[in-house]
Structure formats: structure tokens, C-alpha cells
Engineer: 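Sharing a structure below in C-alpha cells format, with a few things to ask.
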Amino acid sequence: GRLVRRRPWLNAAKNDSNEGGLPTLVPSDFNNIQDVKEKLRKVIMGRSSSTRDTNEWHTIFTFEGVMIYLDDGVPSALLEVASDVLKDGIIDGSL
């Protein structure tokens, strides 16, 4: 949209393997734990471990303010899912 029209260099960077470009947005219904787990696994484990760049990293933002609108128990379950996906991939991470 407007951001790319005003800053065309972001669009060029985005087309160059998304390095230095806009972030990739992955929408998900946080109340659907299985959906979150599948999408998180795709982001974190997108490529096989034999081809994964060990210098590659992901920053995942979840706003705390969103957590108060989720069903009971979901915020804790989301943290557990994130931890499980990292452990499954033998990847270090901070939550």
C-alpha cells in the first residue's frame, strides 16, 4: 500500500529475498492453537535442517494486549506451543 508507494526502495528490497524489506505477515486465529502451531512450524522449520542457515533468525511479535481477548488458557498454551516447536527443531530461542 501507501508505505511502499512512498518508499519504493522497500518494494525493491522485498523482491530481493525479503532481505531488508517488509516483514512477512502470517495471520492466525490465536484461539485456534493447532493453526498457530502449524503456521509457527512452517515459519521456523520452513526448510529442512540440512539446508537451514544457522545464521537465519526470526522475530515473532505477539502483542500482550491481544492476549486479554483470548479464551481462557490460550495465552499459556501459545507459549507452550512456541516452546515445543523450538524444541522439536532443536533451535535455541527466547520467549
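Sequential numbering from 1 along the given sequence is applied to the chain's residues. As the structure is a computational prediction, the values presented were derived from the model and not from experiment.
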Engineer: Are the side chains of Leu78 and Met67 in contact, using a 4.5 Å heavy-atom criterion?
Structural biologist: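 Met67 vs Leu78: side chains touch.
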Engineer: Got a sec, which residues hit side-chain contact (heavy atoms from CB on, under 4.5 Å) with Asp72, two or more places apart in sequence or on another chain?
Structural biologist: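 Asp72 satisfies side-chain contact (heavy atoms from CB on, under 4.5 Å) with no other residue.
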Engineer: I'd like to check Val85 versus Val43 (side-chain heavy atoms, cut-off strictly below 4.5 Å). Are they in contact?
Structural biologist: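 They are not in contact (no side-chain heavy atoms under 4.5 Å apart), so the answer is no.
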Engineer: Quick one: pull up CG in Leu40 and CD1 in Ile33 and give me the separation to the nearest 0.5 Å.
Structural biologist: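 Here the rounded value is 11.0 Å.
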Engineer: Checking Asp88 now: which residues fulfil salt bridge (charged side-chain N to carboxylate O under 4.0 Å, His left out) with it, not counting sequence neighbours?
Structural biologist: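 Residues passing salt bridge (charged side-chain N to carboxylate O under 4.0 Å, His left out) with Asp88: Arg41.
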Engineer: Verify, without hydrogens or angle tests, whether Asn31 (side chain) and Leu70 (backbone) share a donor-acceptor contact under 3.5 angstrom.
Structural biologist: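 Looks like no, no N/O pair under 3.5 Å.
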Engineer: Look up atom NZ in Lys37 and atom NZ in Lys42, then write down how far apart they are to the nearest 0.5 Å.
Structural biologist: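 One gets 15.0 Å once the value is rounded to the nearest 0.5 Å.
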Engineer: Looking only at heavy atoms, what is the nearest atom pair of Phe30 and Val74, with distance?
Structural biologist: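 Closest approach of Phe30 to Val74, heavy atoms only: O-CG1, 3.2 Å.
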Engineer: Excluding sequence neighbours, so at least two apart, what forms salt bridge (charged side-chain N to carboxylate O under 4.0 Å, His left out) with Asp35?
Structural biologist: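 Listed in chain order: Lys39.
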